[in-house]
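Here's the structure we're looking at; comments come further down.
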Amino acid sequence: MADSMVKVFTRGLWKEVAPLRFALGICPALAVSTNVESAIGMGMAVLFVLLLSNGLVSAIRNVVPDKVRIAVFISIIATGVVIVELVMQAYFYPLFLVLGIWIPLIVVNCLVLGRAEAFARKNPVHLSLADAVGMGLGFTLSLVVISSIREVFGNGTWLGMNVMPEGYPGFDYLLMPAGAFLVFGLVLAAMNLISATLEKNNIQKVG
């Protein structure tokens, strides 16, 4: 059981990290990645909704008829999103204002519904929770990497702290939507290059 849970958990961190491997959930990822703080906030929100939806979908998978399963899954996801929205309004109001419309749109995030449909409805609760944590952390880490590049080189700060030499003018292009796609492409290319290099080294060791 332990090996299976570890395997399920870790594949969401690299091999199947959703935004970069399957292009799932990239709209909010690109929209809120102008700074690291909002990227972490969105990542934690998606992680919570993933945990709730994967856990509940797996727990009730044997009693929900196939014909209504999607409606049930979306109702569960929407409940999680409402909880996130209310908690953010109560305790993280500045972040709530920054994330804005992207919080309720988690309901239609392909990553969340995709994991409920593709994994949680076919697997037991402990594996579904491991999948949710792995996928949620992978989503968050990918946002942090993209937002770090955009914030550091676009604004000269990281988490609001100055990290570039005084007088650094900033590269405004990276803070624009086109800049988000550029950084996304560069990170994706770097991941593919690293994966290809690791695979090549493994083949040489086996040979």
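Heavy-atom basis, side chains included; hydrogens, waters and symmetry copies ignored.
Between the Tyr168 side chain and the Phe153 main chain, a donor and an acceptor come within less than 3.5 Å of each other. With Ser38 contributing its side chain and Val32 its backbone, the two residues share a donor-acceptor pair below 3.5 Å. Judged by distance alone, the side chain of Ser58 and the main-chain N or O of Asn54 form no donor-acceptor pair under 3.5 Å. The backbone N or O of Glu117 sits less than 3.5 Å from a side-chain atom of Arg121, completing a donor-acceptor pair. Remark: the backbone N or O of Leu159 is paired with a side-chain donor or acceptor of Glu151 at under 3.5 angstrom.
With rounding to the nearest 0.5 Å, the separation of CG in Leu52 from OG1 in Thr79 is 7.5 Å. The CZ atom of Phe184 sits 10.0 Å away from the CG atom of Leu143 when rounded to the nearest 0.5 Å. Here the straight-line distance linking atom NZ of Lys7 with atom CG of Leu127 works out to 11.5 Å at 0.5 Å rounding. Taken from CE in Met176 to CZ in Arg150, the straight-line distance is 10.5 Å, to the nearest 0.5 Å. The distance from atom CG of Leu129 to atom CG of Leu51, rounded to the nearest 0.5 Å, is 6.0 Å. Taking CG of Leu56 as the start and CZ of Phe73 as the end, the distance is 11.0 Å to the nearest 0.5 Å.
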Exercise for review: Apply side-chain contact (heavy atoms from CB on, under 4.5 Å) to the pair Val17 and Met191, showing each step before the final yes or no.
Suggested key: CA-CA 10 Å; Val17 59; Met191 282 193 71; 3.6 Å; yes

Exercise for review: Could you give me the CA-CA distance, side-chain angles and deciding distance for Val46 and Thr140, then say whether side-chain contact (heavy atoms from CB on, under 4.5 Å) is met?
Suggested key: CA-CA 8 Å; Val46 171; Thr140 304; over 6 Å; no

Check your understanding: Yes or no on side-chain contact (heavy atoms from CB on, under 4.5 Å) for Ser142 and Val187, after CA distance, side-chain angles and deciding distance?
Key -> CA-CA 9 Å; Ser142 61; Val187 174; over 6 Å; no

Practice item. Could you walk me through whether Val57 and Phe119 pass side-chain contact (heavy atoms from CB on, under 4.5 Å), step by step? Key: CA-CA 10 Å; Val57 166; Phe119 192 89; over 6 Å; no

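Residues Ser148 and Trp158 come closest through the heavy atom pair OG-NE1, 2.8 Å. Between Leu111 and Ala18, the shortest heavy-atom contact is CD1-CB, 3.4 Å. Here the closest heavy-atom approach between residue Val144 and residue Ala39 is recorded as N-CB, 4.4 Å. Shortest non-hydrogen contact noted between Arg61 and Ala120 is CD-O, 3.8 Å. Met164 approaches Val152 most closely through the heavy-atom pair CG-O, 3.7 Å.
Note: the hydrophobic cluster containing Val81 also contains Ile70 (ILVMFWY, side chain heavy atoms under 4.5 Å, direct or indirect links). Cluster annotation: Met42 and Ile146 are assigned to distinct hydrophobic clusters (Ile/Leu/Val/Met/Phe/Trp/Tyr, side-chain heavy-atom contacts under 4.5 Å, transitive). By the criterion of side-chain heavy atoms lying less than 4.5 angstrom apart, applied directly or through intervening Ile, Leu, Val, Met, Phe, Trp or Tyr residues, Trp102 is not grouped with Leu86; the two fall into different hydrophobic clusters. Taking hydrophobic clusters as Ile, Leu, Val, Met, Phe, Trp and Tyr residues chained together by side-chain heavy-atom distances below 4.5 Å, Phe22 does not share a cluster with Phe181. Cluster membership check: Val64 shares its hydrophobic cluster with Val112, using side-chain heavy-atom separations under 4.5 Å among Ile, Leu, Val, Met, Phe, Trp and Tyr.
Contact check for Leu47 versus Phe139: no side-chain heavy atoms found under the 4.5 Å cut-off. Annotation: side chain of Ile149 is not in contact with side chain of Leu186 (no heavy-atom distance under 4.5 Å). Counting heavy atoms from C-beta outward, Val49 and Val84 have side chains that approach closer than 4.5 Å. The shortest side-chain heavy-atom distance between Trp14 and Ile194 falls under the 4.5 Å cut-off. At least one side-chain heavy atom of Leu182 sits under 4.5 Å from a side-chain heavy atom of Tyr173.
For CD of Glu16, the number of neighbouring non-hydrogen atoms (other residues, nucleotides, ligands) closer than 6.0 Å is greater than 12. Residue Phe96 places its CZ atom among more than 12 non-hydrogen atoms of other residues, nucleotides or ligands, all under 6.0 Å distant.
The only option from Ile103, Val107, Val108, Asn109 that meets the side chain to side chain contact (heavy atoms under 4.5 Å, CB included) definition with Leu105 turns out to be Val108.
Side-chain polar atoms of Asn35 and Asn155 form no donor-acceptor pair below 3.5 angstrom.
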